[in-house]
**Q** 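I am attaching a structure below and will ask some questions about it afterwards.
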Amino acid sequence: MPSFDTVLEPNLVEVKNAVEQTQREIGTRFDFKGSSAAVELKDHDIIAHADSDFQLQQVEDILRNKLTKRQVDVRFLDPGKVEKIGGDRVKQVFRVRNGIGSEDAKKIQQLIKGSKLKLQAAIQGDAVRVSGAKRDDLQTAIALIRKEMAQLPLSFQNFRD
């Protein structure tokens with residue numbers, strides 16, 4: 001029976017490379033000379049430090065630019081609140097999304113059920129497996145999921161006949 005998996009997985013190697021390139025650019029840019037602006041990657045969190053809100057915004061712009069150049073969708077970034085960490089220094093944590101959350105998985109499952117296509121959607125951990133009798137129905141389901149869940153950078157893997 002044909003099937004595919006709907007997943008939410010960033011390329012973590014490219015994310016790491018983008019963070020390193022951001023750090024390098026911060027070190028060479030004139031407007032960051034003498035500041036304590038920095039970016040670091042810890043597990044699935046990108047932590048940005050800066051001397052002011054304006055500098056933090058510039059660091060975020062550089063990071064988003066580097067991610068885009070490395071073909072990593074910026075929708076993977078889930079920005080946290082800007083926190084003051086003493087003096088004028090601020091920090092912000094960007095969570096790198098990995099895996100479909102339970103609410104989003106249920107939305108995808110309801111979307112497939114409500115589409116009147118002869119398909120089944122099953123939640124399997126942090127992925128959703130969609131299976132059915134016809135390949136055309138599966139391709140229609142992929143287009144429907146992409147259209148309705150546009151806020152998530154979903155990818156589709158293991159398309160099988």
Side-chain angles (χ1 to χ4, degrees), residues 1-26 38-50 53 56-83 90-161:
M1 194 145 136
S3 68
F4 67 87
D5 292 337
T6 305
V7 296
L8 184 75
E9 290 180 350
N11 186 344
L12 293 175
V13 173
E14 292 297 337
V15 170
K16 180 179 180 235
N17 289 339
V19 169
E20 288 173 356
Q21 284 182 339
T22 302
Q23 187 63 35
R24 239 180 274 128
E25 184 168 333
I26 288 170
V39 176
E40 59 183 310
L41 178 67
K42 287 188 178 175
D43 296 328
H44 292 285
D45 292 335
I46 299 172
I47 303 165
H49 301 274
D53 289 333
L56 188 65
Q57 185 62 41
Q58 285 190 323
V59 169
E60 180 181 351
D61 289 344
I62 295 169
L63 176 65
R64 287 181 186 274
N65 188 5
K66 296 299 180 187
L67 285 169
T68 303
K69 283 184 179 177
R70 301 203 67 83
Q71 278 89 37
V72 177
D73 198 328
V74 293
R75 293 178 293 175
F76 281 115
L77 289 184
D78 189 16
K81 291 192 300 186
V82 176
E83 304 170 18
V90 289
K91 93 172 185 179
Q92 187 173 15
V93 178
F94 297 94
R95 184 127 190 92
V96 180
R97 294 180 186 176
N98 193 13
I100 298 175
S102 60
E103 298 115 32
D104 292 329
K106 288 177 185 174
K107 284 181 190 175
I108 292 171
Q109 196 174 28
Q110 293 301 319
L111 187 67
I112 296 297
K113 285 183 180 177
S115 68
K116 304 289 189 233
L117 296 171
K118 294 182 180 177
L119 299 173
Q120 296 81 38
I123 300 171
Q124 297 182 340
D126 56 359
V128 178
R129 174 158 291 164
V130 179
S131 57
K134 297 181 182 175
R135 283 184 68 171
D136 292 343
D137 287 347
L138 291 176
Q139 290 174 341
T140 304
I142 289 174
L144 179 69
I145 291 170
R146 277 209 173 115
K147 179 181 168 213
E148 294 296 321
M149 303 298 284
Q151 75 277 13
L152 296 175
L154 296 171
S155 57
F156 304 96
Q157 298 177 345
N158 299 331
F159 194 97
R160 297 186 186 141
D161 278 327

**Q** Looking at NE2 of His49 and CD1 of Ile26, how far apart are the two atoms once the value is rounded to the nearest 0.5 Å?
**A** 10.5 Å

**Q** Under a 3.5 Å distance rule, please check whether Glu83 uses its side chain to pair with a backbone N or O of Lys91 as donor and acceptor.
**A** no

**Q** Listed by chain and number, what are the side chain to side chain donor-acceptor pair (under 3.5 Å) partners of Gln139, not counting sequence neighbours?
**A** none

**Q** Name all pairs fulfilling the salt bridge (Lys or Arg N to Asp or Glu O under 4.0 Å) condition that reach into residues 144-155, sequence neighbours left out, sorted by first residue then second.
**A**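 Checked against salt bridge (Lys or Arg N to Asp or Glu O under 4.0 Å) - neighbours excluded - no pair reaches residues 144-155.
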
**Q** Is there side-chain contact between Leu111 and Ile145, with heavy atoms separated by less than 4.5 Å?
**A** yes

**Q** With sequence neighbours left out, what residues match Leu12 under side chain to side chain contact (heavy atoms under 4.5 Å, CB included)?
**A**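 Applying side chain to side chain contact (heavy atoms under 4.5 Å, CB included) to Leu12 gives Pro10, His44, Val96.
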
**Q** Determine which pairs satisfy ring-ring contact (aromatic ring centres under 6.0 Å, His included) with at least one residue from residues 119-154, sequence neighbours left out, and list them in order.
**A**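 Every pair satisfying ring-ring contact (aromatic ring centres under 6.0 Å, His included) with a residue in residues 119-154: there are none.
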
**Q** For the residue pair Val93 and Ile46, establish whether any side-chain heavy-atom pair is separated by less than 4.5 Å.
**A**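 Side-chain contact under 4.5 Å: no.
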
**Q** Quick one: list whatever passes side chain to side chain donor-acceptor pair (under 3.5 Å) with Gln57, sequence neighbours left out.
**A** Asp61

**Q** Output side-chain donor-acceptor pairs under 3.5 Å for residues 149-157, partner residues at least two apart or in another chain, one line each.
**A**
none

**Q** Once ring-ring contact (aromatic ring centres under 6.0 Å, His included) is applied, what residue pairs with a partner in residues 105-143 remain, sequence neighbours excluded?
**A**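 Every pair satisfying ring-ring contact (aromatic ring centres under 6.0 Å, His included) with a residue in residues 105-143: there are none.
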
**Q** My understanding is that only one of Ile47, Val19, Asn17 makes a side chain to side chain contact (heavy atoms under 4.5 Å, CB included) with Leu41; could you say which?
**A**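 In the set Ile47, Val19, Asn17, the residue that makes a side chain to side chain contact (heavy atoms under 4.5 Å, CB included) with Leu41 is Val19.
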
**Q** Quick check for you: to the nearest 0.5 Å, what is the distance between Leu117 atom CG and Ile112 atom CD1?
**A**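 It comes to 7.0 Å.
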
**Q** Report the distance from atom NZ of Lys118 to atom CG of Leu138, rounding to the nearest 0.5 Å.
**A** 14.0 Å

**Q** By the ring-ring contact (aromatic ring centres under 6.0 Å, His included) test, which pairs, at least two apart or in different chains, include something from residues 101-145?
**A**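 Qualifying pairs: none.
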
**Q** Is any side-chain heavy atom of Asn98 closer than 4.5 Å to a side-chain heavy atom of Phe76?
**A** no

**Q** Does anything in residues 93-109 form a salt bridge (Lys or Arg N to Asp or Glu O under 4.0 Å)? List the pairs, not counting sequence neighbours.
**A** Asp45-Arg95

**Q** Does any non-hydrogen side-chain atom of Gln109 lie less than 4.5 Å from one of Gln120?
**A** no

**Q** Considering only distance and modelled atom types, tabulate donor-acceptor pairs under 3.5 Å from the side chains of residues 65-74, sequence neighbours left out.
**A**
{"residue": "Lys66", "atom": "NZ", "partner": "Glu25", "partner atom": "OE1", "Å": "3.0"}
{"residue": "Thr68", "atom": "OG1", "partner": "Arg64", "partner atom": "O", "Å": "2.8"}
{"residue": "Arg70", "atom": "NE", "partner": "Glu14", "partner atom": "OE1", "Å": "2.5"}
{"residue": "Arg70", "atom": "NH2", "partner": "Glu14", "partner atom": "OE1", "Å": "3.0"}
{"residue": "Asp73", "atom": "OD1", "partner": "Arg75", "partner atom": "N", "Å": "3.0"}
{"residue": "Asp73", "atom": "OD1", "partner": "Arg75", "partner atom": "NE", "Å": "3.3"}
{"residue": "Asp73", "atom": "OD2", "partner": "Arg75", "partner atom": "NE", "Å": "3.0"}
{"residue": "Asp73", "atom": "OD2", "partner": "Arg75", "partner atom": "NH2", "Å": "2.6"}

**Q** Taking ring-ring contact (aromatic ring centres under 6.0 Å, His included) as the cut-off, I'd like each qualifying pair that reaches into residues 92-131, sequence neighbours left out, listed once.
**A** none

**Q** Is it true that a side-chain atom of Gln92 and a backbone atom of Lys81 form a donor plus acceptor pair closer than 3.5 Å?
**A**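 Not a single qualifying donor-acceptor pair exists.
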
**Q** Would you say that more than 12 heavy atoms from the other residues, nucleotides or ligands in this model lie under 6.0 Å from the CG of Asn158, or not?
**A**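 Atom CG in Asn158 is packed in, count exceeds 12.
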
**Q** Between side-chain atoms of residues 123-137 and protein atoms elsewhere (two or more places apart, or another chain), which donor-acceptor pairs fall under 3.5 Å?
**A**
{"residue": "Arg129", "atom": "NE", "partner": "Asp5", "partner atom": "OD1", "Å": "2.6"}
{"residue": "Arg129", "atom": "NH2", "partner": "Asp5", "partner atom": "OD1", "Å": "3.2"}
{"residue": "Arg129", "atom": "NH2", "partner": "Asp5", "partner atom": "OD2", "Å": "3.0"}
{"residue": "Arg135", "atom": "NE", "partner": "Asp161", "partner atom": "OD1", "Å": "3.4"}
{"residue": "Arg135", "atom": "NH1", "partner": "Asp161", "partner atom": "OD2", "Å": "3.2"}

